[in-house]
Number of protein chains: 2
Amino acid sequence: MRRRTRDDWTAAALEALADGGLAAVAIEPLAARVGATKGSAYWHFPNREALVTATLERWERDHTEAVIDMVEAEGGDPATRLRRLFGAVLDPAHGPHVELALLSTSDDPLVAAAVSRVNERRIGYLARLLGQLGFARAQARRRAVLAYSVYLGQAQLMRATPGVLPQGKAARRAHLDDVLTTMLAAPV
Amino acid sequence: MRRRTRDDWTAAALEALADGGLAAVAIEPLAARVGATKGSAYWHFPNREALVTATLERWERDHTEAVIDMVEAEGGDPATRLRRLFGAVLDPAHGPHVELALLSTSDDPLVAAAVSRVNERRIGYLARLLGQLGFARAQARRRAVLAYSVYLGQAQLMRATPGVLPQGKAARRAHLDDVLTTMLAAPV
DNA sequence: TCACCTCCATACGGCACCGTATGGTGCTGT
DNA sequence: ACAGCACCATACGGTGCCGTATGGAGGTGA
């Protein structure tokens with residue numbers, strides 16, 4: 001790979017973001033990572049902020065719309081989709097969670113905006129699924145927030161203290177079952 | 001305040017940690033914050049790492065044991081305690097959540113260790129409460145992980161996108177009711 | 001083949017933070 | 001009142017990252 005493209009840089013930035021936080025999206029370390037020098041980076045991007053912005057846009061595309069599209073594409077009734085969704089995103093193989101690195105750095109205005117858009121999008125999608133399952137409008141919204149909170153919290157635990165989460169295949173399945181039946185429990 | 005004590009520094013560090021992440025726990029900015037110079041900091045602590053360690057220890061004391069003690073002290077049956085616990089920690093006034101700043105930086109070994117201890121402690125306490133409510137051992141543990149995930153996720157949302165959470169007093173109460181009945185729903 | 005444009009390496013100045021060295025100030029005991 | 005110590009300010013060198021300037025290498029069209 002003699003020459004780098006813009007996407008090469010955002011790809012490397014996403015990796016760095018996942019396991020080093022926003023601070024790790026730094027031109028000079030990234031340059032070393034991709035086997036180039038700053039000269040290349042400052043050719044494709046005017047400054048660090050532009051690289052961060054482009055990386056966040058890429059994350060929004062790849063990690064939100066892609067997942068929703070996948071769940072929708074395979075069809076099935078809403079309950080099946082919900083199970084597939086949670087089965088996918090709660091899976092340890094779901095990879096290093098970029099959102100964790102971001103939600104923490106949400107004091108940064110660029111990050112805050114991107115995170116807000118993604119959160120709204122996901123919760124809205126969950127609320128829609130729950131509405132199709134018979135929950136009233138306000139109730140569906142509450143459960144969507146709750147379900148999304150479960151996802152976020154679980155993601156944090158997966159990274160920080162994986163030991164507290166169920167380990168074996170059977171245990172994970174029992175856990176997923178419990179999560180779903182809990183989230184779908186009838187209201188008061 | 002002419003002279004500073006060790007606790008003055010960890011207090012300032014906790015504040016900085018809450019709204020700037022671990023990176024904000026930096027000697028020189030903190031010195032400006034407390035109205036002193038680096039000289040003072042490096043007298044009380046051999047280096048930055050020692051300050052970070054002391055700050056994390058203080059956080060473990062103040063933000064874990066204190067909350068559990070408060071919940072236990074006021075008595076009541078397990079269900080009441082659980083409600084009081086969630087009512088407290090899900091309250092927006094619960095303050096800037098240090099854990100969010102930490103869970104993100106959990107690649108740092110010091111932080112990872114502290115966070116793991118706190119997570120285990122809290123989940124263990126939740127599992128105990130749930131056990132007293134009649135859940136079988138494994139089931140109680142699953143629900144404890146789930147409940148703690150809800151807390152973590154909710155805390156993230158509160159910071160990142162407060163708009164998605166219920167706003168009014170009544171709405172917040174309805175949300176809390178729903179969270180509790182959901183978490184306590186009978187298993188399959 | 002030669003001019004040109006794209007992409008990049010190298011070298012530089014600047015800033016923020018770390019950690020050290022050293023001297024100074026005010027309290028404390030005697 | 002003076003010695004000694006606890007506490008702190010000041011000044012310095014070192015490091016990692018940002019952003020700029022500039023020249024050079026390799027492909028492309030006439």
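Just so it is clear: chains get the letters A, B, ... in the order the sequence lines come, proteins before strands, and each one is counted from 1. Atoms considered below: every heavy atom in the structure, side chains included; atoms not considered: hydrogens, waters and symmetry mates.
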**Student:** Please identify each residue that fulfils side chain to side chain contact (heavy atoms under 4.5 Å, CB included) with Arg128(B), with sequence neighbours left out.
**Tutor:** Glu72(B), Tyr125(B), Gln132(B)

**Student:** Can you name the residues that form a side chain to side chain contact (heavy atoms under 4.5 Å, CB included) with Ala88(B), not counting sequence neighbours?
**Tutor:** Met70(B)

**Student:** Determine yes or no for a side-chain-to-main-chain donor-acceptor pair under 3.5 angstrom, with Arg81(A) supplying the side chain and Gly76(A) the backbone.
**Tutor:** yes

**Student:** Tell me, which pairs form a ring-ring contact (aromatic ring centres under 6.0 Å, His included) where one or both residues lie in residues 131-184 of chain A, sequence neighbours left out?
**Tutor:** Tyr148(A)-Tyr151(A)

**Student:** Between protein and nucleic acid, restricted to nucleotides 10-18 of chain D and to nitrogen or oxygen atoms under 3.5 Å apart, what atom pairs and distances do you find?
**Tutor:**
| unit_1 | atom_1 | unit_2 | atom_2 | d |
| --- | --- | --- | --- | --- |
| dC18(D) | OP1 | Ile27(A) | N | 3.3 |
| dC18(D) | OP2 | Ile27(A) | N | 2.8 |
| dC18(D) | OP2 | Glu28(A) | N | 3.2 |
| dC18(D) | N4 | Glu28(A) | OE2 | 3.3 |
| dC18(D) | N4 | Lys38(A) | NZ | 3.3 |

**Student:** Can you check nucleotides 3-7 of chain C for protein contacts, nitrogen or oxygen pairs under 3.5 Å, and list what you find?
**Tutor:**
| unit_1 | atom_1 | unit_2 | atom_2 | d |
| --- | --- | --- | --- | --- |
| dT6(C) | O2 | Arg3(A) | NH2 | 3.4 |
| dC7(C) | OP2 | Trp43(A) | NE1 | 3.2 |

**Student:** Without swapping roles, check the side chain of Thr64(A) against the backbone of Arg61(A) for a donor-acceptor pair under 3.5 Å.
**Tutor:** no

**Student:** Who pairs with Arg6(B) by salt bridge (charged side-chain N to carboxylate O under 4.0 Å, His left out), at least two apart in sequence or on another chain?
**Tutor:** none

**Student:** Rounded to the nearest Å, what distance is computed from the CH2 atom of residue Trp9(B) to the P atom of nucleotide dC7(D)?
**Tutor:** 14 Å

**Student:** Would you check if the side chain of Arg4(B) reaches a backbone N or O of Gly35(B) as a donor-acceptor pair within less than 3.5 Å?
**Tutor:** yes

**Student:** Do the side chain of Arg143(A) and the main chain of Ala185(A) share a donor and acceptor less than 3.5 angstrom apart?
**Tutor:** yes

